[in-house]
Amino acid sequence: MITMHPSFEMLRPGKKFPTVWCPGCGHGIVQGAIIRAVQKLGIPRDQMVMVSGIGCSSRMPVYVDFNSLHTAHGRAIAFATGVKLHNPKLHVIVITGDGDALAIGGNHFIHAARRNVELTVILLNNNIYGMTGGQYSPTTPIGKRASTAPYGTAERDFDPCALAVAAGAVFAARGTVFGVVELEKMIQQALAKRGFALVEALSPCPTLYGRLNREGNAVKMIQWQKENTINAKAAAKLPPEKTAGKIITGVFHDAEVTPYTEVYQGIIDKAQGQKQ
Amino acid sequence: MAKNTTVEAARAEIERDFQAGYDLPVYVYKPWCKSCEICVALCPKRVLEMGEDRKPVVARPADCIQCRMCELHCPDLAVFVTKEKG
Ligand SMILES: Cc1ncc(C[n+]2csc(CCOP(=O)(O)OP(=O)(O)O)c2C)c(N)n1
Ligand code: SF4
Ligand code: SF4
Ligand code: SF4
């Protein structure tokens with residue numbers, strides 16, 4: 001028995017491939033992990049809604065055969081909140097970049113987490129604005145170069161997972177495209193949560209971040225992830241000097257909190273006089 | 001360079017190859033391949049090599065352990081395992 005690529009059935013019919021992404025861009029690897037996570041959970045694609053903002057990462061909904069909304073820069077979470085409130089039965093997944101989610105969209109991000117809106121937010125973190133030519137973003141590490149920081153940025157970077165947890169998210173995890181199998185499991189866990197669930201996927205941008213910081217091509221950047229990340233469970237067993245400078249991956253937070261649409265339904269019931 | 005085709009066209013082309021007797025454990029759909037070399041670099045068994053056309057070639061099919069590392073890491077769904085493990 002010889003078999004076809006298992007992800008083809010999830011690609012949008014009639015759409016021309018390959019994607020617009022540069023050779024070796026991590027965003028395509030994250031897309032693959034999302035497709036497999038949805039397939040493994042057996043969610044019918046009519047119940048999936050993929051909502052994105054603007055950016056290279058935000059191009060994803062045009063390629064995957066879900067219901068889709070490609071919205072305005074930074075506003076994906078606001079649109080997604082509307083979709084979820086209108087029909088809480090739908091699985092709403094937000095595709096967003098580090099600029100989209102944390103710079104222009106930072107307020108939407110923290111307040112959706114605070115409200116605990118049931119959204120699966122996949123933040124494709126490439127530490128730069130890819131689409132517009134490599135300006136530094138809120139996750140560009142201090143000292144790293146960008147087109148707007150030729151001598152390195154002077155700003156500290158956000159930890160998106162810590163930010164989400166502080167704001168009230170029920171799930172927060174960080175994975176890499178090198179560790180795509182674990183990343184896929186994190187996305188599965190996040191999709192199964194009832195509440196604001198964040199998966200931060202470290203997704204290399206070889207064209208801009210890699211070139212500006214002399215980190216080499218896509219292969220080198222993926223190998224860098226292998227050498228420079230460590231799972232939280234493994235890190236907990238090691239002395240601090242062994243984990244210094246490494247990026248910690250894994251599931252950082254997994255809690256149960258009544259989701260927003262449920263609380264909101266209570267308000268609707270009250271207003272309609274069905275409950276006193 | 002990669003060539004733009006729809007998933008329907010890709011499927012038809014690959015099925016034609018299968019019907020013509022394609023029997024290697026991995027398949028490279030060249031029109032979607034962007035020559036990033038990720039699959040070649042991450043294959044633990046060095047099954048894949050870059051060909052002269054800058055697309056991967058299944059150079060050592062007998063060594064393939066069907067681990068799917070190439071398939072899972074290809075950003076462009078251009079390489080996949082054609083046979084179940086075992
Ligand atoms: C209101 C508005 N401001 C600015 C822009 C320009 N713009 C488009 S994408 C983008 C940033 C993209 O970076 P990111 O969200 O990190 O995604 P990436 O391209 O890196 O995947 C910016 C500033 C815009 N389209 N709309
Ligand atoms: S510019 Fe960077 S993020 Fe955008 S497609 Fe190219 S590699 Fe990917
Ligand atoms: S399935 Fe594994 S062993 Fe076979 S070619 Fe792909 S990466 Fe190499
Ligand atoms: S990973 Fe995919 S796009 Fe890159 S060289 Fe291999 S087949 Fe081509």
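Note on naming: letters A, B, ... go to the chains in the order of the sequence lines (proteins, then strands), and numbering restarts at 1 for each one.
Only the backbone of B/P31 comes within less than 4.5 Å of a heavy atom in chain A; its side chain stays farther off. Neither the backbone nor the side chain of B/S35 has a heavy atom closer than 4.5 Å to any heavy atom of chain A. Using a 4.5 Å cut-off between heavy atoms, A/V30 does not touch chain B at all. Both the backbone and the side chain of A/L11 have a heavy atom closer than 4.5 Å to some heavy atom of chain B. For a residue to count as touching a neighbouring chain, one of its non-hydrogen atoms must lie under 4.5 Å from one of that chain's; by this rule B/Y22 touches chain A with backbone and side chain alike. Contacts between B/V40 and chain A at a heavy-atom distance below 4.5 Å are absent for every atom of the residue. Looking at A/R12, only its backbone comes within 4.5 Å of chain B, counting heavy atoms on both sides.
Side-chain contact check for A/P13 versus B/E8: some heavy-atom pair is nearer than 4.5 Å. Residues A/H5 and B/V7 form no side-chain contact, since every pair of their non-hydrogen atoms from C-beta on lies 4.5 Å or further apart. Taking the side chain as every heavy atom from C-beta outward, B/R11 and A/M4 approach each other to under 4.5 Å.
To the nearest 0.5 Å, atom CG of residue B/L42 and atom CD1 of residue A/I222 are 6.0 Å apart. Put simply, OG1 on A/T3 and CD1 on B/I14 are 11.0 Å apart, with the number rounded to the nearest 0.5 Å. A distance of 9.5 Å separates CG of B/D76 from OH of A/Y63, quoted to the nearest 0.5 Å.
Scanning residues 44-63 of chain B against chain A with a 4.5 Å non-hydrogen threshold yields no residues.
No donor-acceptor distance shorter than 3.5 angstrom exists from the side chain of B/K34 to the backbone of A/C25, with no hydrogens or angles considered. Side chain of B/T6 to backbone of A/K15: no donor-acceptor contact under 3.5 angstrom is found. Put simply, the side chain of B/H73 never gets that close to the backbone of A/I29: no donor and acceptor are under 3.5 Å apart.
When every heavy atom of B/L77 is checked against every heavy atom of A/S7, the shortest pair comes out as CD2-CB, 3.5 Å. The shortest heavy-atom contact between B/P75 and A/G24 is CG-CA, 4.0 Å.
Of the listed residues (A/G26, A/G14, A/G32, A/A218), the greatest number of heavy-atom pairs within a distance under 4.5 Å of chain B belongs to A/G14. For the options B/E71, B/M69, B/R68, B/K83, heavy-atom pairs under 4.5 Å to chain A are most numerous at B/E71. Interface remark: of the candidates A/V181, A/I35, A/T19, A/T19 forms the most heavy-atom pairs closer than 4.5 Å to chain B. When each of A/P6, A/P18, A/A33, A/G28 is scored by its heavy-atom pairs under 4.5 Å with chain B, the top score falls to A/P18.
In the displayed structure, A/F158 atom CZ is contacted under 6.0 Å by at most 12 heavy atoms of other residues, nucleotides or ligands. Within a 6.0 Å radius of NZ in A/K220, other residues, nucleotides and ligands contribute 12 heavy atoms or fewer.
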Stepwise side-chain contact (heavy atoms from CB on, under 4.5 Å) test for B/E37 and A/N217: CA-CA 10 Å; B/E37 293 192 37; A/N217 60 11; over 6 Å; no

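Side-chain rings of A/F8 and B/W32 approach one another, their centers coming within less than 6.0 Å.
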